[in-house]
Amino acid sequence: MADMDAFRDEIARWAAGGAPDTAAELAADLGLRTAVLLEGPSDLAAVEALAAREDRDLTAEGVAVVSMGGAMSVGRFAGLLGPPGLGLRLTGLCDAREEPFYDRGWQRAGAVRDFQVCVADLEDEMIRALGPERVEEVIRSEDELRPWQTFLAQPAQHGRPRHQQLRRFLSTRKGRKIRYGSLLVQALDGARPPAPLADLLAGL
């Protein structure tokens, strides 16, 4: 039985210079029709958490959500997964500062421009959707109140808006952004997800 993690591994190997055969076979076995190109694993965690919240099985829908390890890889991944490679429809999500990389990647792949852009990044979008107070509640629920208070005591954080402090805090420890990528989506409860994330899922 074909496995999405195996497909992602093969795409990463192909992007690094490996052969395309196994990735193509897995894509066919999975019945893939769409590839979602994301900058990193925290975005992947958020997309998968929102799909689960909406009771959607993206793999069953023929959707591969791929973390590229950085926006500068988008040209390579768009070429492999899009029209020049596996022929999948391309969509994705990026930070505003990385939009030019995505534009060039889509153009080089000969794909129709179809991706969502966050104002700053997805963490920024999630903090604005939830509000700083709710994000702090999530931090407390994760037993990270002490690290958060230690972070706030740093001179560089004095006088900064709470929104910016939270956004920076999420990036201060390895793996934290990935973990909170899921947690912040789960904390939405009945609130609407940030528009870029909601629109991405709605378009799949």
In terms of hydrophobic clustering (I, L, V, M, F, W, Y; side-chain heavy atoms under 4.5 Å; direct or indirect links), are [X] and [Y] co-clustered?
X: Val66; Y: Leu201; value: no
X: Val63; Y: Leu81; value: no
X: Met68; Y: Leu200; value: no
X: Phe7; Y: Val65; value: no
X: Val117; Y: Met72; value: yes

Working to the nearest 0.5 angstrom, can you tell me the gap between [X] [atom1] and [Y] [atom2]?
X: Asp43; Y: Ser67; atom1: CG; atom2: OG; result: 7.5 Å
X: Leu152; Y: Arg168; atom1: CG; atom2: CZ; result: 13.0 Å
X: Arg134; Y: Leu188; atom1: CZ; atom2: CG; result: 9.0 Å
X: Thr150; Y: Leu145; atom1: OG1; atom2: CG; result: 9.0 Å
X: Gln116; Y: Leu197; atom1: CD; atom2: CG; result: 9.5 Å
X: Gln149; Y: Ile139; atom1: CD; atom2: CD1; result: 10.5 Å

Inset, instruction - Under the ring-ring contact (aromatic ring centres under 6.0 Å, His included) rule, collect the residues that match up with Phe77, sequence neighbours excluded. - result: none
Inset, instruction - Could you pull out all residues at least two apart from Trp106 that satisfy ring-ring contact (aromatic ring centres under 6.0 Å, His included)? - result: Tyr102, Phe115
Legend entry - Arg162 side chain to Gln165 side chain, donor-acceptor N/O pair below 3.5 angstrom: yes
Can you name the nearest heavy-atom pair linking [X] to [Y], along with the distance?
X: Lys177; Y: Leu170; result: CG-O, 3.0 Å
X: Ala71; Y: Phe101; result: O-CB, 3.8 Å
X: Glu123; Y: Ser42; result: OE2-OG, 3.3 Å
X: Ala187; Y: Val138; result: CB-CG2, 3.6 Å
X: Leu44; Y: Arg8; result: CD1-NH2, 3.7 Å
X: Glu125; Y: Val119; result: OE2-N, 2.8 Å

More than 12 heavy atoms of other residues, nucleotides or ligands under 6.0 Å from [atom1] of [X]: yes or no?
X: Asp143; atom1: CG; value: no
X: Arg173; atom1: CZ; value: no
X: Arg192; atom1: CZ; value: yes

Could you tell me whether the side chain of [Y] reaches within less than 4.5 Å of the side chain of [X], counting heavy atoms only?
X: Val47; Y: Leu50; result: no
X: Arg104; Y: Val74; result: no
X: Val185; Y: Pro193; result: no

Inset, instruction - Indicate yes or no for a side-chain donor-acceptor contact from Glu99 to the backbone of Cys94 under 3.5 Å, with no hydrogens or angles considered. - result: no
Inset, instruction - Say whether, by atom type as modelled, one donor and one acceptor occur between the side chain of Arg53 and the main chain of Asp189 under 3.5 angstrom. - result: yes
Legend entry - Partners meeting salt bridge (Lys or Arg N to Asp or Glu O under 4.0 Å) with Arg176 (sequence neighbours left out): Glu144
Legend entry - With Arg13 via salt bridge (Lys or Arg N to Asp or Glu O under 4.0 Å) - residues at least two apart: Glu10
Inset, instruction - Kindly state each residue pair satisfying side chain to side chain donor-acceptor pair (under 3.5 Å) with at least one member in residues 76-90, sequence neighbours excluded. - result: Arg89-Asp114
Donor-acceptor pairs under 3.5 angstrom involving side-chain atoms of residues 30-40: please list them, not counting sequence neighbours.
from: Arg33; atom 1: NE; to: Glu61; atom 2: O; distance (Å): 2.9
from: Arg33; atom 1: NH2; to: Glu61; atom 2: O; distance (Å): 3.4
from: Glu39; atom 1: OE2; to: Asp95; atom 2: N; distance (Å): 2.7

Inset, instruction - Take Met4 and Leu58, measure what side chain to side chain contact (heavy atoms under 4.5 Å, CB included) needs, and give me the verdict at the end. - result: CA-CA 10 Å; Met4 183 56 70; Leu58 295 181; over 6 Å; no
